[in-house]
A.B. asks: 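Starting off with a structure, shown below.
Because the structure is predicted, anything quoted here is derived from the model rather than measured. Only this structure's heavy atoms are used, side chains among them; waters, hydrogens and symmetry mates stay out. In the text below, chain A, chain B and the rest are named by the order of the sequence lines, each starting its count at 1.
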There are 2 protein chains.
Amino acid sequence: MTITVAKMAGFCFGVKRAVNMAFDMASSKNGVYTLGPIIHNPQVVAKLKERGIEDVEEPTEDMKAIIIRTHGIPIETYEKIQAMGIEIIDATCPFVKKAQQYAKLLREEGYQVIVLGDKHHPEVKSIMSYAGADVSVVKDGETPEGLKPRVGVVVQTTQPVDALKRLLSNIVDKIKEIKVYNTICNSTALRLKETNEMSGDVDIMIIAGGKNSANTTQLANHCVSLGVCTYHIETALELQQHWFDGVAHVGITAGASTPDWIIQEIIERINHIGGKTGNGSSK
Amino acid sequence: MTITVAKMAGFCFGVKRAVNMAFDMASSKNGVYTLGPIIHNPQVVAKLKERGIEDVEEPTEDMKAIIIRTHGIPIETYEKIQAMGIEIIDATCPFVKKAQQYAKLLREEGYQVIVLGDKHHPEVKSIMSYAGADVSVVKDGETPEGLKPRVGVVVQTTQPVDALKRLLSNIVDKIKEIKVYNTICNSTALRLKETNEMSGDVDIMIIAGGKNSANTTQLANHCVSLGVCTYHIETALELQQHWFDGVAHVGITAGASTPDWIIQEIIERINHIGGKTGNGSSK
């Protein structure tokens with residue numbers, strides 16, 4: 001059985017940076033917390049907790065420092081933490097930061113801001129807070145209502161570019177002016193592209209990463225849409241031997257918030273359990 | 001035989017304004033010329049010539065006044081006429097003027113300007129002159145090459161909105177920022193929409209207007225694409241009796257540069273020649 005691991009699998013630039021910042025803090029300071037999970041990966045969050053960094057819902061006076069997670073936080077929360085005199089370690093992904101700043105700029109330039117993404121996702125909540133009172137959040141395929149003549153668009157960094165194309169197609173005939181910041185992160189696009197290429201060669205595809213991770217779930221849904229037999233797992237423990245019966249070629253990829261050690265454990269366990277009638281060589 | 005004339009057939013706001021300005025000049029002044037045909041309708045241009053207003057290619061010192069046609073002229077030509085001391089009667093369509101000004105604004109804001117339209121059309125040539133040295137003109141379906149990260153888009157006023165959707169879809173994944181002025185004139189869109197609605201009810205469609213008129217030709221091509229038997233004519237003299245054999249319902253529409261008297265002559269002639277086995281009532 002051959003195993004091919006996607007080159008783009010796992011941590012992106014922003015996640016790597018945030019996780020490093022958090023583990024650095026763990027070894028240098030006490031009384032440090034993250035506001036919400038630092039990234040959408042329960043295993044990384046558990047490891048951080050072992051090192052003394054817990055995630056909390058709300059800041060409290062006794063905290064020494066708060067790490068802002070990759071997805072960012074609403075500006076009101078940021079200002080509240082500052083006002084409480086708590087040190088801020090800002091691990092917001094620089095690409096999310098850009099999206100926040102563009103939303104602010106569009107608002108200052110008088111545009112009605114539209115954020116393309118999932119309104120329940122913390123990244124989108126953080127961007128919305130910079131976008132003004134008349135912000136609309138639309139998910140893929142939706143057409144925003146009550147459009148003003150001048151519209152500005154920013155995009156959740158993990159959205160597929162086709163969603164942006166659909167949004168523009170839905171609104172451009174309803175407005176006079178539109179300014180778009182394509183804030184889609186390149187690593188998401190490249191990961192999806194690589195998946196397209198792999199999908200034709202493999203019998204099954206294993207997607208590793210948090211069930212609460214938007215980009216990992218998108219990756220899994222994308223594989224399903226390509227007609228490949230797809231399993232989305234968080235850890236190697238979820239692997240089932242019978243998945244590999246008669247399988248010659250396994251593809252593995254992982255979301256931007258999946259650490260390398262989880263991918264490694266998955267490879268090792270697949271090699272260990274194998275498939276009943278597997279053939280070919282293993283990686 | 002029933003004849004239905006589209007409500008939106010014929011002169012749009014900008015054309016009506018320009019033609020009125022030209023006929024006003026004809027009755028008040030000598031030595032007045034238009035630079036190129038005032039609109040893309042040979043019959044209107046011929047009528048103006050009878051009244052003493054000819055169209056010329058180039059301004060010359062002996063001219064008293066020059067009427068700028070609906071499509072506008074390049075800024076260099078405008079400045080040349082001014083420098084020659086010739087009076088300018090500016091009949092540029094106000095919507096084209098807006099597209100010119102938006103092209104200038106985008107250039108001043110540092111965008112690479114893309115004009116969606118036909119590079120040989122005088123309107124597009126006039127807009128291009130405001131758009132800076134690195135302007136690209138792309139026609140429907142084309143993807144511009146050598147895109148910079150910040151792109152500004154203006155549109156020839158008579159383009160179909162689907163062409164704009166296709167352009168945005170082709171470029172949005174290649175750039176970081178895009179500012180679009182949707183300068184498509186509403187009357188073009190409404191005329192196409194009305195044609196969609198009419199096409200299901202009629203047996204044949206007569207499109208009246210200049211063969212050199214972009215929006216009339218677009219209207220005719222659009223009808224053909226809807227699967228309707230379509231004839232594009234400039235005047236009633238081109239009508240053939242056999243077109244109406246067995247026809248119960250005739251639809252008539254006309255481009256933005258087609259005068260009412262041409263539409264009237266067409267209706268009269270159709271009523272006169274009729275069809276061999278026509279039935280129903282005539283308008």
A.B. asks: Using a 6.0 Å cut-off, check whether atom CD of B:E145 has over 12 heavy atoms from anything other than its own residue.
C.D. replies: no
A.B. asks: Does B:K193, at its NZ atom, have more than 12 non-hydrogen atoms belonging to other residues, nucleotides or ligands within less than 6.0 Å?
C.D. replies: no
A.B. asks: Would you mind writing out the side-chain donor-acceptor pairs for residues 184-191 of chain A within the sub-3.5 Å range, not counting sequence neighbours?
C.D. replies:
| unit_1 | atom_1 | unit_2 | atom_2 | d |
| --- | --- | --- | --- | --- |
| A:R191 | NE | A:M8 | O | 3.1 |
| A:R191 | NE | A:A254 | O | 3.3 |
| A:R191 | NH2 | A:G10 | O | 3.2 |

A.B. asks: Checking an interface table here. Which of residues 165-181 of chain A come within a heavy-atom distance under 4.5 Å of chain B?
C.D. replies: A:K165, A:L168, A:S169, A:V172, A:D173, A:I175, A:K176, A:E177, A:I178, A:K179, A:V180, A:Y181
A.B. asks: Considering residues, nucleotides and ligands other than A:K97, do more than 12 of their heavy atoms fall under 6.0 Å from its NZ?
C.D. replies: yes
A.B. asks: Partners of A:D162 by salt bridge (Lys or Arg N to Asp or Glu O under 4.0 Å), sequence neighbours excluded?
C.D. replies: none
A.B. asks: I need the contact set between residues 104-140 of chain B and chain A: heavy-atom distance under 4.5 Å, sorted by residue number.
C.D. replies: B:Y111
